[in-house]
Number of protein chains: 2
Amino acid sequence: MDAPAKPTRIQTQKRELILDAALDVFSTNGFRGSTIDQIADAAGMSKPNLLYYFKSKEDIHATLIQRLLETWLAPLHEIDDIGDPLTELKAYIRRKLEMARDYPRESRLFANEILQGAPRIMPLLEGELKSLVDEKALIIKGWMRDGKIAQTDPRHLIFSIWATTQHYADFDVQVRAVLGPDRGGDGRFDDAARFLEQLFLDGLRPKR
Amino acid sequence: MDAPAKPTRIQTQKRELILDAALDVFSTNGFRGSTIDQIADAAGMSKPNLLYYFKSKEDIHATLIQRLLETWLAPLHEIDDIGDPLTELKAYIRRKLEMARDYPRESRLFANEILQGAPRIMPLLEGELKSLVDEKALIIKGWMRDGKIAQTDPRHLIFSIWATTQHYADFDVQVRAVLGPDRGGDGRFDDAARFLEQLFLDGLRPKR
DNA sequence: CTAACGTTTGTCCAATCGGTCAAAAAATTG
DNA sequence: CAATTTTTTGACCGATTGGACAAACGTTAG
């Protein structure tokens with residue numbers, strides 16, 4: 001009957017250590033570009049030892065992806081039609097930007113997966129993600145009908161928020177290179193936050 | 001003295017064929033995720049035959065990247081302060097969106113490179129790209145001083161245009177999955193164009 | 001025809017890959 | 001302590017990889 005056999009303290013610790021190292025490696029090299037040896041090195045253990053905790057490279061990656069998705073969609077879940085629409089959207093943009101700042105590795109892991117055609121999470125995109133977006137698009141559409149925000153395509157609005165915020169994680173090296181060492185430092189996320197708020201609220205047309 | 005020995009007709013033809021096949025393969029699998037055999041298969045020739053035209057996998061990739069960058073920055077080059085600022089920016093957004101539609105493979109190749117830390121093009125980002133952005137940021141800053149467009153950060157404005165347009169190439173499978181088979185079709189770029197124009201011009205705050 | 005040159009491929013090689021295994025080393029339990 | 005279980009590792013395996021090479025094939029010029 002093979003009971004699950006609850007994990008020892010060492011097991012949970014080491015598994016966590018491996019997952020953190022693997023996130024480093026996978027997020028910068030992609031799945032195929034990463035080797036078990038690299039991950040084992042980064043985790044400070046031998047390859048067979050790593051394979052004692054995870055039965056394959058796929059297994060590590062799958063665990064990582066699954067965990068990622070839970071936290072990744074949380075900000076979108078939080079959108080509801082209770083508060084003020086513009087405040088709600090501003091808060092969503094801010095949360096997404098904070099995630100790009102605080103969890104850039106997760107963002108890049110996700111980007112790598114999508115770039116390569118999402119072979120491992122396609123069903124999830126068409127299922128859970130699509131219905132979540134559909135649901136939030138309806139809320140946004142309601143705001144538009146009530147004249148609370150401008151009339152536009154709610155789905156492309158969501159895309160544009162994803163794109164602009166995740167850009168600071170996924171294209172980090174480019175952003176840093178262009179801004180130079182001065183503003184490539186810590187201030188760039190504050191600058192981005194200010195800019196995005198203005199863009200999404202009022203656009204570029206000058207006031208008159 | 002080893003003259004360059006001008007290439008035969010077959011050589012230029014086959015090299016082009018290989019580059020096209022390699023663009024397919026590299027853009028969906030990344031550099032390390034792609035094999036010479038895959039590229040050779042896609043080009044309809046044997047591996048040694050391919051290596052007769054390019055001396056290594058690196059060589060193919062480098063050629064591809066170099067070529068990409070020439071065309072990739074062309075739209076940004078075209079921005080000047082002769083025309084009307086808002087029209088100029090609208091045109092830039094449109095051109096970038098058309099490139100995402102017509103050259104998605106190039107966009108993904110670039111994204112893959114940046115995601116992995118831009119190991120092969122870092123100097124170019126800090127040199128050519130940075131100075132080009134600096135130059136255009138100055139033009140945009142001028143428009144802002146003249147009150148032609150709203151006061152904001154010109155560099156983050158450029159980032160947001162890159163992010164929102166390239167998103168439709170790099171995250172294509174996600175966009176399609178979320179929009180569903182109906183709007184995942186051909187119309188999505190038109191929808192995106194309409195949405196982005198409104199976003200960048202007037203934002204989301206309702207008119208009153 | 002034949003010599004010269006450009007093109008193509010089958011075969012091979014060393015390095016690296018994901019993963020196995022048995023045996024040693026630690027840790028835990030009685 | 002000894003017995004048992006968990007953890008760690010060195011050695012190894014078959015498959016895949018990037019690339020080399022020489023031989024074969026094709027084409028063209030004399």
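Chain letters run A, B, ... following the sequence lines, proteins first and then strands; every chain starts at 1.
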Which residue in the set Leu68(A), Thr28(A), Asp24(A) passes side-chain contact (heavy atoms from CB on, under 4.5 Å) when paired with Leu109(A)?
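That would be Leu68(A); it is the only one of Leu68(A), Thr28(A), Asp24(A) passing the side-chain contact (heavy atoms from CB on, under 4.5 Å) with Leu109(A).
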Provide, to the nearest angstrom, the distance between the [atom1] atom belonging to [X] and the [atom2] atom belonging to [N].
{"X": "Gln13(B)", "N": "dG6(C)", "atom1": "CD", "atom2": "P", "answer": "17 Å"}
{"X": "Asp41(B)", "N": "dT17(D)", "atom1": "CG", "atom2": "P", "answer": "11 Å"}
{"X": "His61(B)", "N": "dG19(D)", "atom1": "NE2", "atom2": "C1'", "answer": "18 Å"}

Does the pair Asp134(B)/Lys130(B) count as a salt bridge with the N-to-O cut at 4.0 Å?
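Between Lys130(B) and Asp134(B) there is a salt bridge, with a charged N closer than 4.0 Å to a carboxylate O.
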Salt bridge Arg188(B)-Asp191(B), side-chain N to carboxylate O under 4.0 Å
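Here Arg188(B) does not pair with Asp191(B) in a salt bridge, since their nearest N and O are not under 4.0 Å apart.
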What does Tyr53(B) touch in the nucleic acid at a heavy-atom separation under 4.0 angstrom: a base, only the sugar-phosphate, or nothing?
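Sugar-phosphate contact only - Tyr53(B) comes under 4.0 Å of backbone atoms but never of a base.
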Geometric class of the Trp162(B)/Phe159(B) ring pair [parallel <30°, tilted 30-60°, perpendicular >60°]:
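The arrangement is tilted - the two ring planes meet at 30° to 60°.
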Taking 4.0 Å as the cut-off, does a side-chain nitrogen or oxygen of Gln11(A) come that near to OP1 or OP2 on dT6(D)?
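It does not, given that no N or O in the side chain of Gln11(A) lies less than 4.0 Å from OP1 or OP2 of dT6(D).
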Per-nucleotide protein contact string for nucleotides 9-23 of chain C, where B marks a base within reach and S marks sugar-phosphate only (heavy atoms under 4.0 Å, - for neither)
BB------SBBBB--
Taking the six-membered ring of [Y] as reference, does the NZ or CZ atom of [X] fall below 6.0 Å from its centre and within a 45° cone about the axis?
{"X": "Arg15(B)", "Y": "Phe54(B)", "answer": "yes"}
{"X": "Lys90(A)", "Y": "Phe200(A)", "answer": "no"}
{"X": "Arg120(B)", "Y": "Phe31(B)", "answer": "yes"}

Give each protein N/O atom lying under 3.5 Å from an N/O atom of nucleotides 23-27 of chain D, with the pair distance.
none

Side-chain polar contacts of residues 39-49 of chain B - donor-acceptor pairs under 3.5 angstrom, sequence neighbours left out - could you list them?
| unit_1 | atom_1 | unit_2 | atom_2 | d |
| --- | --- | --- | --- | --- |
| Ser46(B) | OG | Asn49(B) | N | 3.4 |

